[in-house]
Asker: 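Sharing a structure below in structure tokens format, with a few things to ask.
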Amino acid sequence: MQIVKSLKLRNFRSHDRFAMDFAPDVTLIVGQNGTGKTSVLEAVYLLLHGTSFKSTDREMIKSGQTELLAELMKTDGLTHRVVLSEQSKDFKVGEQKSKRLPVKYRYPIVLFEPDDLNLIHRSPTSRRDYFDRFFGHLSPGFARAVTRYKKALSQRNRLLKSGYATRENIYAWDAMLAAYGTEILTTRAFGANQTNEQISSVYNTIADAKAKVEFKYSGRVVDERAYHRALENSFARDVAVGATTFGPHRDDFLYIFNGKLADGTASRGENRTIIIAQKFIEALGYANHHNFQPLILLDDVFSELDDKRQTALMSNFSSHQIIISSVAPPPKLKPLITLVAGPN
């Protein structure tokens with residue numbers, strides 16, 4: 001299923017001017033590090049999601065320039081365009097202009113970066129951010145709840161650190177955390193349960209093994225009243241440490257491999273197969289939620305995977321449009337189009 005047809009860039013990172021057409025199924029972009037191949041995927045992500053997956057807006061503008069332009073044509077006839085400067089960010093989709101990419105024009109993307117292969121070993125904060133982004137793409141309401149929760153949490157922690165916190169003046173922040181926190185807990189738990197139901201079978205299909213893989217969320221779902229009561233009960237401790245000690249910002253997502261934490265027990269290959277399985281489940285989640293296939297962006301991950309896992313990755317995404325960046329053509333892949341990316 002082809003989603004994007006072509007891309008044009010001007011002053012986007014290392015690219016002065018760059019233009020390319022995408023293949024209906026697999027487009028392989030080959031180039032050494034620093035030639036701008038990842039920037040092509042970043043531009044596609046920006047135009048379909050509204051943000052970069054790598055950095056701030058300013059860093060995307062080519063050094064020495066004051067403005068970038070990126071334009072993507074989709075197969076549905078719509079053209080997504082963004083003009084970004086140090087002072088502004090302006091999107092145009094069809095004839096509609098906006099400062100942010102409207103939700104109705106955002107297209108689901110499964111992005112696979114080399115660092116994702118380290119997800120199991122990263123910090124709880126990194127895992128929370130990773131899965132909150134995924135759940136947020138499925139539910140704009142969840143994304144809003146996470147944003148508002150973080151703002152309320154920051155204000156509550158600031159009050160706790162000030163030394164002037166009382167049960168009375170902290171009540172309003174407690175009420176906000178209870179409202180948004182319960183929504184976060186419920187959505188995370190639902191998403192974790194959905195993932196857990198599939199991950200073992202998907203893993204075993206890829207690995208041709210009979211392992212038991214589980215995915216657990218450490219948070220406990222409570223209603224607003226119970227949440228508020230937990231904050232009240234932790235007030236003295238929170239004042240003592242100057243931070244909020246209860247809530248979803250303290251939780252974690254855990255992979256269990258054959259009854260033990262994958263982090264520290266599963267081999268490097270087993271960990272990587274778990275993450276590949278996770279990506280397949282994400283793609284299924286997007287497809288089930290939006291009723292169409294997501295776009296797959298694979299950023300320089302093939303050098304980190306052996307032939308077996310490369311083959312599994314491609315075969316399980318065979319019904320999607322895939323855009324791949326790679327230092328060298330991966331073995332056993334025969335894309336219709338192979339492009340060498342570099343400064344223009």
Asker: Are His137 and His49 an aromatic pair, judged by ring center distance below 6.0 Å?
Answerer: yes
Asker: For a 4.5 angstrom cut-off between non-hydrogen side-chain atoms, does Ile3 reach Phe22?
Answerer: no
Asker: Ignoring hydrogens and geometry, is there a side-chain-to-backbone donor-acceptor pair from Gln310 to Phe302 under 3.5 Å?
Answerer: yes
Asker: Look only at the side chain of Asn196 and the backbone of Ala192, and say whether a donor-acceptor pair between them is shorter than 3.5 Å.
Answerer: no
Asker: Should the ring pair Phe215 and Tyr255 be called parallel, tilted or perpendicular, given that the plane angle runs from 0 to 90° and is split at 30 and 60?
Answerer: tilted
Asker: Which pair of non-hydrogen atoms, one from Ser325 and one from Thr38, has the smallest distance, and what is that distance?
Answerer: OG-OG1, 4.2 Å
Asker: Applying side-chain hydrogen bond (donor to acceptor under 3.5 Å, both in side chains) to Ser88 and Ser85, what does each step give before you reach the verdict?
Answerer: CA-CA 5 Å; Ser88 64; Ser85 69; 3.2 Å; yes
Asker: Whether the side chain of Thr182 engages the backbone of Ala179 through a donor-acceptor N/O pair (distance < 3.5 Å, no angle test) should be reported.
Answerer: yes
Asker: Among Asp132, Asp252, Asp116, find the one that has a salt bridge (Lys or Arg N to Asp or Glu O under 4.0 Å) with Arg127.
Answerer: Asp252
Asker: Say whether, by atom type as modelled, one donor and one acceptor occur between the side chain of Arg13 and the main chain of Gly36 under 3.5 angstrom.
Answerer: no
Asker: Kindly indicate, with the supporting measurements, whether the criterion ring-ring contact (aromatic ring centres under 6.0 Å, His included) is fulfilled by Tyr107 and Phe292.
Answerer: CA-CA 10 Å; Tyr107 195 91; Phe292 47 78; 5.1 Å; yes
Asker: Under a 4.0 Å threshold between the charged nitrogen and the carboxylate oxygen, would Arg10 count as salt-bridged to Asp16?
Answerer: no
Asker: Is it the case that over 12 heavy atoms from other parts of the model lie below 6.0 angstrom from the CZ atom of Arg100?
Answerer: no
Asker: Indicate yes or no for a side-chain donor-acceptor contact from Glu71 to the backbone of Lys8 under 3.5 Å, with no hydrogens or angles considered.
Answerer: no
Asker: Any idea how Tyr105 and His80 line up, ring-wise: parallel (<30°), tilted (30 to 60°), or perpendicular (>60°)?
Answerer: perpendicular
Asker: Do the two ring centres, one from His320 and one from Phe317, sit under 6.0 Å apart?
Answerer: yes
Asker: So that I can tick it off, tell me whether Arg156 and Asp174 are bridged by a salt bridge, with the cut-off set at under 4.0 angstrom between side-chain N and carboxylate O.
Answerer: yes
Asker: Counting only N and O atoms by type, is there a donor-acceptor contact under 3.5 Å from the side chain of Glu224 to the main-chain atoms of Ala226?
Answerer: no
Asker: Same hydrophobic cluster for Leu7 and Phe53, using side-chain heavy-atom links shorter than 4.5 Å among ILVMFWY?
Answerer: yes
Asker: Output yes when a side-chain donor or acceptor of Thr147 lies under 3.5 Å from a complementary backbone atom of Ala143, and no otherwise.
Answerer: yes
Asker: Write down the atom of Arg309, the atom of Glu270, and the distance for their closest heavy-atom approach.
Answerer: NH2-N, 4.1 Å
Asker: Tell me whether Leu46 shares a hydrophobic cluster with Leu78, the cluster being built from Ile, Leu, Val, Met, Phe, Trp, Tyr side chains joined at under 4.5 Å.
Answerer: yes
Asker: Are the side chain of Gln96 and the backbone of Val93 linked by a donor-acceptor contact shorter than 3.5 Å?
Answerer: no
Asker: Please name the pair of heavy atoms, one in Asp300 and one in Ser303, separated by the smallest distance, quoted to 0.1 Å.
Answerer: O-OG, 4.0 Å
Asker: Backbone N or O of Val327 within a donor-acceptor pair of the Lys37 side chain at under 3.5 Å?
Answerer: no
Asker: Looking only at the aromatic ring of each residue, does the gap between the centers of Tyr217 and Phe131 stay below 6.0 angstrom?
Answerer: no
Asker: Give the cluster check for Val82 versus Met20: same hydrophobic cluster or not, with ILVMFWY residues linked at side-chain heavy-atom distances below 4.5 Å.
Answerer: yes
Asker: Judged by atom type as modelled, is there a donor-acceptor pair below 3.5 Å linking the side chain of Thr187 to the main-chain atoms of Ile184?
Answerer: no
Asker: For a side-chain hydrogen bond (donor to acceptor under 3.5 Å, both in side chains) check, start with the C-alpha distance between Asp238 and Thr244, then their side-chain angles and the critical distance, and finish with the verdict.
Answerer: CA-CA 5 Å; Asp238 292 355; Thr244 304; 4.7 Å; no
Asker: What closest approach, in Å, do Val221 and Ala189 show between heavy atoms, and which atom pair accounts for it?
Answerer: CG2-CB, 3.6 Å
Asker: Do Arg167 and Glu232 meet the salt-bridge criterion of a basic N to acidic O distance under 4.0 Å?
Answerer: no
Asker: Does a salt bridge link Lys74 with Asp76, judged by any charged N lying under 4.0 Å from a carboxylate O?
Answerer: yes
